[in-house]
Amino acid sequence: MTPPLQPLLHDLVGVVLAPTSVLSDAGGQIRPGVGVQGVFRADARVLSRAELRLDGRELEPIAHAPDGPHGARFVGLARWLGDPGPDPTVRVDRLRHLDGDGLTEEIVVRSTAAVPVRALLTVDLACDLAPIEVLKSGGSAPSLPAEAGPDGLTWQAGGTTVTVTGEDAAVADGALRWPIDLPPAAPRPCAGTCWSRTPRPWWPHRPARCPGRAPR
């Protein structure tokens with residue numbers, strides 16, 4: 001039997017601020033079971049899934065770029081929403097930034113459509129706390145059960161807690177959900193309407209590795 005190979009990284013987009021790093025595809029998605037995609041804290045993967053959808057559909061990614069020293073911006077289109085025609089009128093920006101406490105993502109939905117835009121935005125999440133050595137050797141780990149709270153999800157194992165919260169989010173079935181309801185854009189060039197929310201993962205250090213630092 002051929003042993004598993006170390007996953008390649010050349011087609012992933014990385015954001016790094018030690019000891020935290022994020023590896024995603026070019027659209028910003030973190031997909032479960034695909035190589036070493038994920039959010040990593042020191043030697044463990046603290047998020048193994050973070051997939052954004054509108055009305056259950058994935059965006060069409062059109063661009064990504066660095067956004068500051070510890071961030072990245074991903075831009076996608078929702079061409080099935082908004083005005084009919086060849087020019088897209090609904091776009092989503094996903095702004096990802098790392099700081100000392102963890103990862104912050106701001107999701108901005110913009111519309112230049114002459115019609116209202118209504119949709120359900122979801123971010124599906126999972127955590128497996130897989131050790132980096134296992135993933136580097138081509139292995140994997142099962143997802144941990146999530147505990148749903150009033151504004152987010154929590155996973156716990158081996159003295160480590162991972163929490164993701166989202167501003168004004170509904171929490172169900174391992175996902176954060178927001179209804180989008182944008183009015184028609186004003187009839188002038190470059191005008192548009194905008195919606196923005198921020199899901200934020202956060203995790204405390206393992207006490208043995210950071211003595212005396214309490215969760216915030």
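Each residue takes its place number in the sequence, starting with 1.
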Quiz item: With respect to Val171, which candidate in Thr165, Val164, Leu153 satisfies the side chain to side chain contact (heavy atoms under 4.5 Å, CB included) definition?
Solution: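 In the set Thr165, Val164, Leu153, the residue that makes a side chain to side chain contact (heavy atoms under 4.5 Å, CB included) with Val171 is Leu153.
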Just verifying a value: how many Å separate [X] [atom1] and [Y] [atom2], rounded to the nearest 0.5 Å?
{"X": "Leu103", "Y": "Ser21", "atom1": "CG", "atom2": "OG", "answer": "10.5 Å"}
{"X": "Ser48", "Y": "Gln37", "atom1": "OG", "atom2": "CD", "answer": "10.5 Å"}
{"X": "Arg94", "Y": "His64", "atom1": "CZ", "atom2": "NE2", "answer": "13.5 Å"}
{"X": "Glu105", "Y": "Leu98", "atom1": "CD", "atom2": "CG", "answer": "9.5 Å"}

Ignoring hydrogens, what is the shortest heavy-atom contact between [X] and [Y]? Give both atom names and the distance.
{"X": "Gly35", "Y": "Pro7", "result": "CA-CB, 3.9 Å"}
{"X": "Leu23", "Y": "Val36", "result": "CD1-O, 3.7 Å"}
{"X": "Ser143", "Y": "Ala126", "result": "OG-CB, 4.1 Å"}
{"X": "Val92", "Y": "Leu59", "result": "CB-CD1, 3.5 Å"}
{"X": "Pro145", "Y": "Trp155", "result": "O-CD1, 3.4 Å"}

May I ask you to test the [X]-[Y] pair for a side-chain heavy-atom distance under 4.5 Å?
{"X": "Val13", "Y": "Val22", "answer": "no"}
{"X": "Pro116", "Y": "Pro183", "answer": "no"}
{"X": "Leu52", "Y": "Thr122", "answer": "no"}
{"X": "Leu129", "Y": "Leu144", "answer": "yes"}
{"X": "Val162", "Y": "Thr154", "answer": "no"}

State which residues pass side chain to side chain donor-acceptor pair (under 3.5 Å) with [X]; sequence neighbours excluded, sorted by chain then number.
{"X": "Asp151", "answer": "none"}
{"X": "Ser24", "answer": "Arg96"}
{"X": "Glu106", "answer": "Ser196"}

Quiz prompt | Path from Val46 to Val34 over hydrophobic side-chain contacts below 4.5 Å | solution =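 Not linked; separate clusters.
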Quiz prompt | Single-linkage hydrophobic cluster Leu17~Val39, side-chain heavy atoms < 4.5 angstrom | solution =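 Shared cluster, yes.
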Quiz item: Is the backbone N or O of Leu120 less than 3.5 Å from a side-chain atom of Asp55, with the two atoms forming a donor-acceptor pair by type?
Solution: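 Pair found, side chain donor or acceptor close to backbone of Leu120.
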Practice problem: Provide the full list of salt bridge (Lys or Arg N to Asp or Glu O under 4.0 Å) pairs with a residue in residues 14-34, sequence neighbours left out, each pair given once. | Solution: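 Applying salt bridge (Lys or Arg N to Asp or Glu O under 4.0 Å) to every pair that reaches into residues 14-34, excluding sequence neighbours, yields Asp25-Arg31, Arg31-Glu51, Arg31-Glu58.
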Residues 70-85, side-chain donor-acceptor partners within the protein, below 3.5 Å, at least two apart:
| unit_1 | atom_1 | unit_2 | atom_2 | d |
| --- | --- | --- | --- | --- |
| His70 | ND1 | Val16 | O | 3.0 |
| Arg73 | NH1 | Asp93 | OD2 | 2.7 |
| Arg79 | NE | Glu60 | OE1 | 3.4 |
| Arg79 | NE | Glu60 | OE2 | 2.7 |
| Arg79 | NH2 | Glu60 | OE1 | 2.9 |
| Arg79 | NH2 | Glu60 | OE2 | 3.4 |
| Asp83 | OD1 | Ala114 | N | 3.0 |
| Asp83 | OD2 | Ala114 | N | 3.0 |

Using salt bridge (Lys or Arg N to Asp or Glu O under 4.0 Å) as the criterion, list what pairs up with [X], not counting sequence neighbours.
{"X": "Asp168", "result": "Arg197"}
{"X": "Asp181", "result": "Arg118"}
{"X": "Asp99", "result": "Arg200"}
{"X": "Asp173", "result": "Arg177"}

Quiz item: Does the pair Trp178 and Val123 meet the rule for a side chain to side chain contact (heavy atoms under 4.5 Å, CB included), with working shown?
Solution: CA-CA 9 Å; Trp178 294 267; Val123 179; 4.0 Å; yes
Practice problem: For residues 131-142, pull every pair meeting side chain to side chain donor-acceptor pair (under 3.5 Å), keeping only residues two or more places apart or in separate chains. | Solution: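 Pairs touching residues 131-142 that pass the test: none.
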Self-check item: side chain to side chain contact (heavy atoms under 4.5 Å, CB included) against Ala130, all qualifying residues, sequence neighbours excluded
Solution: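 Per chain and number, Ala130 pairs via side chain to side chain contact (heavy atoms under 4.5 Å, CB included) with Arg45, Asp128, Leu135, Ala141.
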Quiz item: Going by side-chain heavy atoms closer than 4.5 Å, which hydrophobic residues are tied to Leu95, directly or by a chain of links?
Solution: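 Traced through the cluster, Leu95 reaches Val108.
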Practice problem: Step by step, work out the side chain to side chain donor-acceptor pair (under 3.5 Å) result for Arg53 and Gln29. | Solution: CA-CA 10 Å; Arg53 291 181 173 86; Gln29 300 283 52; over 6 Å; no
